[in-house]
Each structure stands twice: as structure tokens, then as C-alpha cells.
A.B. asks: 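Supplied in C-alpha cells, the structure appears directly below.
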Amino acid sequence: MAFVAPKETFSGKVFEVTIGTDKAISFGGENVLPFHSFEGTVPHRPVIAYEIQDVPPEDWPETVRSVYEGVSSDPVSWARFCEDKLNAKAIALRLIGTHPDRENKGPEEAKKVVSDVLSAIKVPLIILGSNHVEKDSEVLVAVAEAAKDRNCIIGKAQEGNYKTITAAAMAHNHKLIAMSELDINLSKQLNILITQMGFPKERLITDPMCSALGYGIEYTYSVMERIRLAALTQNDAVMQPPLLGDVGTYVWKVKETQASETELPSWGSLKERSITWEAVTAAAMLVAGAELLIMRHPEAVVAVERFIDELMQ
Amino acid sequence: MALTGVEIFKLLPKTNCKKCGHPTCLAFAMKLAQRQASLDQCPDVSEEAKRILGEASAPPIRPVSFGSGDRTLKMGEEMVLFRHEKKFVNPAAFAVEIKDTESDDRINSVVEDVLSSEIERVGQKLRIDAILINNVSGEASRFEAVVKNVSEKAPNVPLIIATGNPEAAEATLKIVASRRPLLYGANKDNAEQMANIAKTYKVPLGVKADGLEALSSLTEKIKSLGVEDLVIDSGAMKAKDIIEHNTLIRRAALKKNFKPLGYPVINFCQREDKILEALIASLGVMKYSSIVVLSSVEKWKNLSLFTLRQNIYTDPQVPMQVEQKVYKIGEPRPESPLLITTNFSLTYFIVSGEIENSKVPSRLAVMDCEGLSVLTAWAAGKFTAAKIAQFIKESGIENEISHRELIIPGYVAILSGAIEEKLPGWKVTVGPKEANGIPAFLRQRMS
């Protein structure tokens, strides 16, 4: 019996998205399953953005907080450090300080941080709210304007606030993250609602909600695989935006990235363990279909970039 | 591909003799098609029919195992390409490589690491499953000595005997054949000799070739020599080749019923950079490896790999559950808060994670609701006031705490009155709807 390689080609393809202006970068655009370049085209490698925030990262575990000591008290120096020293290809600014349970900063303050960061960097910026449905709609509307003409990604638009955030992204020419909670149908529904407002589906990024390794990652993994299969095999246009894996924020709050080796000797060294936890979570998201990742620890990012090198070349 | 009942019927004696326990040959054929009967129940079936039916009913990826006793490692039998379609069956085995050129001290310390690698996670015991001993020296005598040493120090750990030298293979199998190691292996130059050794010592055989075409011809050749328990290696080393080869192998087996590649796959994932090695091994776990070979077994690396494998190999149709009990988070005192939720593992992980984030030591009562989340369990009548009250009473928590206040999820606020009625002396407080509101909620109570 002679071997004939059972290659598969698809009618659908993932939208190609370009973000930024000075040092613009593109991702998506493939017409095959993740890293299946043997049967189709994979024009771009996935993009990893470094996460920074508008307030000092006091809630980040020591292993990752210490990397940014000396720069993280100010979002501008933090962003510069990522661009200049870590060679970040993109930066994700999370406005966590606007959350009512945190510093409760107002939209004007958020606007200033965004403007300051934007004037300090050349790489593309992803602007994230604090994941508070009502507050995000105020804050993201304000910052979308402050970031106009810089071709940013803003997010996350959710079922409860997508109207105002979508309108702001549309008015100021940004890309938009649509997030729903671990369900392919909810994800499709939200993308439909957003495009029905006149927002072009080619400018969307789908976030099916990330989970950390050991904490429900299999749900995110399978939802991503199913979204990608729908995009390719059924040529379903609302399922064709690139996928986001918002890895760092989920990983750096689980026990495995915080418990000391003294406390749990069978888990081994905390530093390597926590970095690997972030890297493996990111790798799983990539293999499931993510084209855009948001991560925190530089050593995890370097390992994942090397992993992508091996998958692409 | 599997045959239909009618196709099977045509191959049966059509005597309706009932000796198989079914009223007619057609009824028996239907049962065979549904895999609810076995062909050996028919005493009169022809050899020809046995051959055809045997081939058609064989699983597309052959079940192969190595090792012995309760540490036996089962591989193959996979039926799908994507885990949401159906549960992945036999979890990838992790094997660590020992080179026979390494010092005895180093070898002993790796064996020690393997023996102490077991950890428990969500009720499962996870460990490094096997040791691959590689005949890098090319010498039979050194290899034999190392295999002997390792097999004595790790008497229950399944072994992979990695040598292309038939003499070395035979010398070591004389010592360890009874443990059913995997002999890895055969290549285009030694296929006959290796197949004979595998046959003589009744061990499964690893087969390596360069690329999928060469691999297909080589497995066919070895099968014709009478060895069918094979594990295959396409020579893929780089991540790009691993995902390509493993995907094509599984597709060929499942979608084309292509027998020459219908075997479990072994992948070599060793890298200088140990974090990168964890990622390559992860790729193997997600993309169809049955054996993932590692260069080292650091505890921190094991933990990620064990967890990923556990996550990927869970049954997508059955919600993961955690044990019903009152969990302590931090070091709660008698006056610390008591919260309740359901035992869907994702719910538990998220809620306990947020309580941990709050840094407020607490108790979390996790109630068995058959793995449903809070709202679903409530809607299904499994998370009701009566059941919650009964659980709290029977849990014995009243002896551990100095207060009588229960914090319930915001989504079931409606239950608060009813619970207070059924739990006299208790006060029910409605907590946040979403877990991410827990840290603020708990911290506010403290201030």
C-alpha cells in the first residue's frame, strides 16, 4: 500500500490584521490549521505583546514583578523598557487602575496614560480595560479617542458593553477585541452583534476567554479549535477573525506561579516552574489557534518565540 | 473502515444455527457491526471471513503496550483528531533518556528522579512513566551493564531499550524481556534481525525511518515478518516536522484506514533549553504522541507536563469534578468566613483562586452537584436550600467554626431565605455573582 499524504485544503481563511503605524505588525491570514504550513499558507507568525499596566504591579507575584523593578512605577518607562530592552513587538496596556475596586482612576487619567505611552513607543499598542463592564465602557471610549490614528487594538468588548466600545473603536479606526465566556455560540453571537453595528469583521479579534494550565485550559483549547475549524471548513466569516490568548493575567494568579518550593517541595523551583507555566499555557493557546498572545515574563516570551521559530521554519 | 451489518452478514455462514446466542445470522451481524458481539462466538465462520472481519474491525490505530504489571503503558486506540469530538484514549507516556555514555552517578541520579517523580493532582497520580536507555556508546557490554543497573534500581518502571545493534539488543533482552520493554529499534538496515529478536523475546518493536513513505514500507515489511506490535518514528525532530508528520499519520490511520501508519508514535523532544523542551513535549502531548522522550526530569518541568496531559486527556463530555468537602484556603481561624459553591472543577478552581487572591484566609464548602456549575446546578435542582442545609449539617463544619454565617454565590441569592429556614441559627449572606468580585467582597468585610 503506497503512502499518499492525506493533506487537507480549506475554502475559508483567517483574516489578516495589521496593527500600529511606525512599527506596524501583521498576524493571521492563514488558510490552514495552526502551523499546518505543509498544506497551505501561513503568511505571518503569531505576535506576542508584553503586558504592562497603568498602576505599579503590586499584585503580580515576585518572580515576574521583580523583572520590572525600577521601571514599573511609571507606565511610560515600563513601556520603553519593553520596547528597547526586551524588543517587544507590541505592548498591551491594561488599565487595571480604573477598576472601581482598585484605584478607581477616571477616564481622564486613563486618557493621559494612553497618550503618554503612545508618544513614548513606536510598536503597536493594545489598550485593555479593567474588565469591569460598566467602567470599561466609559474608560475605553475616552482612550479610543486619545489613541486615534495609531491603529491600536482596544478591548475588551463584552455582551454587556459592546455597543459603546464598538462605536468608539469604529469612530477612531481601531481594531477591537470581542470577548465572551468559553462558548463558541456566545462568541459567534457577539461577533454578529458587533458587525451588525457596521463594524468591519476584518478588524475584529476574537477572545474566547483564556484559562491557565491546570485551571480549565482544556475548555479554551477546544473552543479555539472549534472556532478555527468553523472558520476554515465552513468558511464562516464571523468566525474568521484571529484569536487572542490573554495568557499572563490568568497564569500569574494561580498557585503554581506563587507557592514557594519550601511550601511544596514536590513542585520544584518556583522561578522555572512559574515561567514554564506561562510558556506552556501560551504554547497550548498557539497550537489551538491563537495568533495574538499577551504575556508577562520575558523568559517565557523568549521560550515561546523559539517554539514559534521551530514551528515556522 | 468498519463494515456495515449487511456487509458482515454476507461473510457469515447464514445457517441461523443460533450457536452464537443470537436468533439469526443477520441479528448477530448487526451486533458485530455495533461491536457488541465478538466473531469468535460463531463456531462455523470461515477462515476467510475471519481474516476480512478481523482486519475491518481492528482499531485504526493498533493498541500496543509495554512494561508489565500495574505500570503497563497502553498506547494507540485513538479515534479522533480533535479532543472535543471524543475523549483522547491513552495519555502520552513521558520517558526520560539515559545515555549509556553517561557516568554511573548521573545515571543513578536520573533513576532516582524518576522514582520520586510521582505527584497527585485532582485525584490522579502522575509520574514519569518510562526510562529510555540509549546505546549511544554503540558497545554491547557497556549497554548491557547500564540496562542491568537501571532495571535493578527501578524494578517496576517500563523500559525502552534503544539500540540499532542487534547484538546489544539481544544481550539486554536476555536480562529484561520478562518486563516487556519496548525495543527501539528497527531501521532499514537491521529490520529482519530486529524483527526476529522482537519475535523471540515477545516485545513490541520501535521502527524508525526517514519520512512517512519510508516508514510505511518499513512497517509493512516488518509486519510481513510477523511482528505487529509496533511503535513508529518518522524521524521528525523539529516542532514543524512533529506537527506535520503526527497529523498526517493520524489522519492516514483514521480517515484513510491506512494500516502501515496505524501505530502509536514516539517523539524525541530533548532540547538544551529545558523550558523549550517543555514546549516541544507539550506539542507532542497535544498533537498525537504516544511516547514523549525527555532529556531530564526536573520537578518544575514535570508539573507543567503532567498537568497539560491531564487537561488534554480529560473527557470533554464529562465535567471534571472535585471532591465534596470543606476546603481550607490560607490558614483559616474559627472566625474566618465560610463560602459555598458547587463541585464543577472549573468553578472550584476559579472561586478558590479568587479567595486566594483576596489573601483573606477562608473556608470553601464545595458541594457535590455532579460537576455542574452554580446556575446549572441550581436549575437542575441539585443546589437547593434543602441540599445545602443537609450538606452543611453533615459536613461537621459547625464544630470547626465559631460563627454561623454562610456566604452563597450571588446567582442563587434567591435561596438565602430558604437556607436560613432550614439551618436554624445561621445567617446567609449573598456574595458576588462573579468570582472576580470575591477579593473586594472579602477584603471589604475585613475592614
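Any value given below was found using the heavy atoms of this structure, including those in side chains, with hydrogens, waters and symmetry copies removed.
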A.B. asks: For a side chain to side chain contact (heavy atoms under 4.5 Å, CB included) check, start with the C-alpha distance between A:I294 and A:L128, then their side-chain angles and the critical distance, and finish with the verdict.
C.D. replies: CA-CA 11 Å; A:I294 299 173; A:L128 303 167; 3.8 Å; yes
A.B. asks: Hey, could you give me the CG/CG distance between B:L230 and B:L218, rounded to the nearest 0.5 Å?
C.D. replies: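 CG of B:L218 is found 9.0 Å from CG of B:L230.
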A.B. asks: Is it the side chain or the backbone of A:L270 that comes within 4.5 Å of chain B heavy atoms, both, or neither?
C.D. replies: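 No part of it gets close to chain B.
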A.B. asks: Heavy-atom distance under 4.5 Å to chain B: side chain of A:A288, backbone, both or neither?
C.D. replies: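 For A:A288, no heavy atom lies under 4.5 Å from chain B.
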A.B. asks: Heavy-atom distances under 4.5 Å only: say whether B:L346 touches chain A with side chain, backbone, both or neither.
C.D. replies: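 Side chain only.
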A.B. asks: Is chain B contacted by the side chain of A:L286, its backbone, both, or neither, given a heavy-atom distance below 4.5 Å?
C.D. replies: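 Contact with chain B involves no heavy atom of A:L286 at all.
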A.B. asks: Measuring from A:I177:CD1 to A:L292:CG, what's the distance to the nearest 0.5 Å?
C.D. replies: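 One gets 7.0 Å once the value is rounded to the nearest 0.5 Å.
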A.B. asks: Counting only non-hydrogen atoms closer than 4.5 Å, does A:V254 touch chain B with its backbone (N, CA, C, O), its side chain (CB onward), both, or neither?
C.D. replies: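 It is neither, since no heavy atom gets under 4.5 Å.
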A.B. asks: Pick from A:G268, A:P6, A:A283: which one has the most heavy-atom pairs with chain B under 4.5 Å?
C.D. replies: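 Looking at each of A:G268, A:P6, A:A283 in turn, A:P6 comes out on top.
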A.B. asks: Carefully, step by step, assess B:I128 and B:L294 under the rule side chain to side chain contact (heavy atoms under 4.5 Å, CB included).
C.D. replies: CA-CA 10 Å; B:I128 295 293; B:L294 305 165; 4.2 Å; yes
A.B. asks: Are there any donor-acceptor pairs closer than 3.5 angstrom between chain B and chain A, and if so, which ones?
C.D. replies:
residue : atom : partner : partner atom : Å
B:R83   : NH1  : A:E218  : O            : 3.1
B:R83   : NH1  : A:S222  : OG           : 2.6
B:R121  : NH1  : A:E256  : OE2          : 2.6
B:R121  : NH2  : A:E256  : OE2          : 3.2
B:E220  : OE1  : A:M1    : N            : 3.2
B:K238  : NZ   : A:Q313  : O            : 2.4
B:A239  : N    : A:E310  : OE1          : 2.7
B:K240  : N    : A:E310  : O            : 3.1
B:R251  : NH1  : A:P6    : O            : 2.9
B:R251  : NH1  : A:E39   : OE1          : 2.8
B:R251  : NH2  : A:E39   : OE2          : 2.8
B:K255  : NZ   : A:E8    : OE2          : 2.6
B:R271  : NE   : A:E310  : OE2          : 2.8
B:R271  : NH2  : A:E310  : OE1          : 2.9
B:R271  : NH2  : A:E310  : OE2          : 3.3
B:D273  : OD2  : A:R306  : NH1          : 3.0
B:N311  : OD1  : A:G214  : N            : 2.8
B:E354  : OE2  : A:K253  : NZ           : 3.2

A.B. asks: Can you tell me how far CZ of A:F10 sits from CG of A:L232, rounded to the nearest 0.5 angstrom?
C.D. replies: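 Between atom CG of A:L232 and atom CZ of A:F10 there are 5.5 Å.
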A.B. asks: So, taking the atom named CD1 in B:I355 and the one named CD1 in B:I438, what distance separates them when rounded to the nearest 0.5 Å?
C.D. replies: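 Taking CD1 in B:I355 and CD1 in B:I438, the distance rounds to 5.0 Å.
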A.B. asks: Measuring heavy-atom distances to chain A, does B:L308 have an atom under 4.5 Å in its side chain, in its backbone, in both, or in neither?
C.D. replies: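 B:L308 touches chain A through backbone and side-chain heavy atoms alike.
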A.B. asks: Under 4.5 Å heavy-atom distance to chain A, tell me which part of B:L261 shows up: side chain, backbone, both or neither.
C.D. replies: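 Only the side chain of B:L261 comes within 4.5 Å of chain A.
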A.B. asks: Could you tell me the separation between the CE atom of A:M209 and the CG atom of A:L186, rounded to the nearest 0.5 Å?
C.D. replies: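 Going from CE on A:M209 over to CG on A:L186, the span is 11.5 Å.
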A.B. asks: Please identify, among B:L279, B:I243, B:I275, the residue contributing the most non-hydrogen atom pairs under 4.5 Å to chain A.
C.D. replies: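 Among the listed options, the one with the most contacts to chain A is B:L279.
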A.B. asks: Of all the heavy-atom pairs spanning B:A253 and B:G262, show the shortest one and how long it is.
C.D. replies: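 The answer is CB-CA, 3.9 Å.
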A.B. asks: Which distance, rounded to the nearest 0.5 Å, do you find between the CG of B:L305 and the CZ of B:F94?
C.D. replies: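 Reported to 0.5 Å precision, the distance equals 4.5 Å.
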A.B. asks: When you compare the side chain of A:L243 with that of A:P208, does any pair of heavy atoms fall below 4.5 Å?
C.D. replies: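 Sidechains of A:L243 and A:P208: in contact.
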A.B. asks: Given heavy-atom pairs under 4.5 angstrom as the criterion, report whether the side chain, backbone, both or neither of A:P100 touches chain B.
C.D. replies: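 Neither the backbone nor the side chain of A:P100 comes within 4.5 Å of chain B.
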A.B. asks: Output the option from B:V285, B:I119, B:I249, B:L276 having the highest count of non-hydrogen pairs under 4.5 Å with chain A.
C.D. replies: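 Top count of heavy-atom pairs under 4.5 Å with chain A: B:L276.
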A.B. asks: Test of understanding: with side-chain contact (heavy atoms from CB on, under 4.5 Å), list the residues that count as partners of A:A282, not counting sequence neighbours.
C.D. replies: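 Result, side-chain contact (heavy atoms from CB on, under 4.5 Å) vs A:A282: A:V247, A:L293, A:M295, A:V304.
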